[in-house]
Amino acid sequence: MRIIVILLTLICFHASAANTNIDPNNLYPKVKLETSKGIVVVELDRVRAPITVDNFLTYVVTGKYDNTIFHRIIEDFIVQGGGYDSDFNIKKVKENIVNESGNGLKNNIGTIAMAKENHPHTANRQFFFNVADNTSLNPGRRWGYTVFGYIIQGEEVIMEMSKVKTDFNEAMAWSDVPVEPIILIKATLLPAD
């Protein structure tokens, strides 16, 4: 079974690598996130999470993360974004991707991971930053949340975001929504080193 999963991963990676817009030869691409709170740079791990990295980069290079909000913030837990505009309209998603949470990367402070619904293979465009060591999000006897990179610049920006005032938002019917919107102004794939 493990061999089949590895082969499927390699096939998906090879198919997605044909898209030169997402820097297929760079195993550790970097993305700059310009936010209303400051600049954050993440280094992604295509070796351990090739499907997730290519999915994320596709949203980046097509501008689909630009002018979205960080809509869910829980202090000492996560800062989540990528799925809504500033009017809380849900953004269009591509198909869901395979869960790669068993890749050995942990939901530790300073990492970036994919959000998902209750079912394991439901991640698509929303992502989050871990602002604590969230061991409960790691795989065990159940699927976890796929970590696919870590912050290499601007961790203080994310930590500042994690401390903003939040409240219940009637439009979304959710708690933990920032009272003052935090915008992801632009996401950019940086040139390879």
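Quick note: numbers below take in every heavy atom, side chains included, and nothing from hydrogens, waters or symmetry partners. Bear in mind the structure is a predicted one, so any value in this text is a computation, not a measurement.
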Cluster overlap V131 with F128, hydrophobic side-chain contacts below 4.5 Å: no
Over all atoms of both residues, closest heavy-atom pair of N107 and A113: OD1-CB, 3.5 Å
In one Ile/Leu/Val/Met/Phe/Trp/Tyr side-chain cluster, 4.5 Å: M114, F129: yes
Polar side-chain atom of R125 near backbone of G81 as donor-acceptor pair, under 3.5 Å: no
Considering all heavy atoms, the nearest K92-Y59 contact: O-CE2, 4.2 Å
Within-4.5 Å side-chain heavy-atom neighbours: I109 and N130: no
Taking distance alone, no hydrogens or angles, what donor-acceptor pairs closer than 3.5 Å link side-chain atoms of residues 150-168 to residues at least two apart or in another chain?
unit_1 : atom_1 : unit_2 : atom_2 : d
Y150   : OH     : E43    : OE2    : 3.0
S162   : OG     : M159   : O      : 2.6

Same cluster (ILVMFWY, side-chain, under 4.5 Å), V42 and L57: yes
Rounded distance [0.5 Å steps], CG in N67 versus OG in S36: 10.5 Å
Residues F70, L184; criterion side-chain contact (heavy atoms from CB on, under 4.5 Å); working and verdict: CA-CA 7 Å; F70 289 93; L184 172 49; 3.9 Å; yes
Gap between atom CG of N108 and atom CG of L137 - 0.5 Å precision: 10.5 Å
Cation-pi geometry met for K116 and Y145 (6.0 Å, 45°): yes
Spacing of NE2 belonging to H121 relative to CD1 belonging to I51, to within rounding of 0.5 Å: 10.0 Å
Side chains of P50 and E100 in contact at under 4.5 Å (non-hydrogen atoms): yes
Exercise: identify the closest heavy-atom pair between A187 and D66: N-OD1, 2.9 Å
Side-chain (N99) to main-chain (G144) donor-acceptor, under 3.5 angstrom: yes
4.5 Å side-chain heavy-atom contact, R72 and M172: no
Least distance between heavy atoms, F77 atom then N134 atom: O-ND2, 3.0 Å
Separation of I183 CD1 from I69 CD1 (nearest 0.5 Å): 6.5 Å
Nearest-0.5 Å distance that lies between atom CZ in F148 and atom CG in L105: 10.5 Å
Student check: side-chain heavy atoms of N103 and T146 closer than 4.5 Å: yes
Test item: I22 and T58 side chains (from C-beta on) under 4.5 Å apart, heavy atoms: yes
Side chain N169, main chain A173, donor-acceptor under 3.5 Å: no
Chi angles and distances behind the side-chain contact (heavy atoms from CB on, under 4.5 Å) call for T188, E34: CA-CA 8 Å; T188 307; E34 299 172 49; 4.2 Å; yes
Pairing residues for E117 by the salt bridge (charged side-chain N to carboxylate O under 4.0 Å, His left out) criterion, not counting sequence neighbours: none
4.5 Å side-chain heavy-atom contact, V147 and S101: no
Heavy-atom side-chain contact between N124 and K94 under 4.5 Å: no
Side-chain touch Q80/I73, heavy atoms, less than 4.5 angstrom: no
Co-membership, hydrophobic cluster, residues L190 and V61, 4.5 Å side-chain: no
Salt bridge (Lys or Arg N to Asp or Glu O under 4.0 Å) between D54 and R46, worked out: CA-CA 8 Å; D54 284 357; R46 191 179 256 140; 2.7 Å; yes
W174 ring center near Y84 ring center (under 6.0 Å): yes
Co-membership, hydrophobic cluster, residues I112 and V41, 4.5 Å side-chain: no
Criterion side-chain contact (heavy atoms from CB on, under 4.5 Å) on Y65 and K91, from CA distance to verdict: CA-CA 9 Å; Y65 285 135; K91 302 292 284 180; over 6 Å; no
Pairwise distance NZ(K37) to CG(L33) - rounded to 0.5 angstrom: 16.0 Å
Aromatic contact, W143 with H119 (centres under 6.0 Å): no
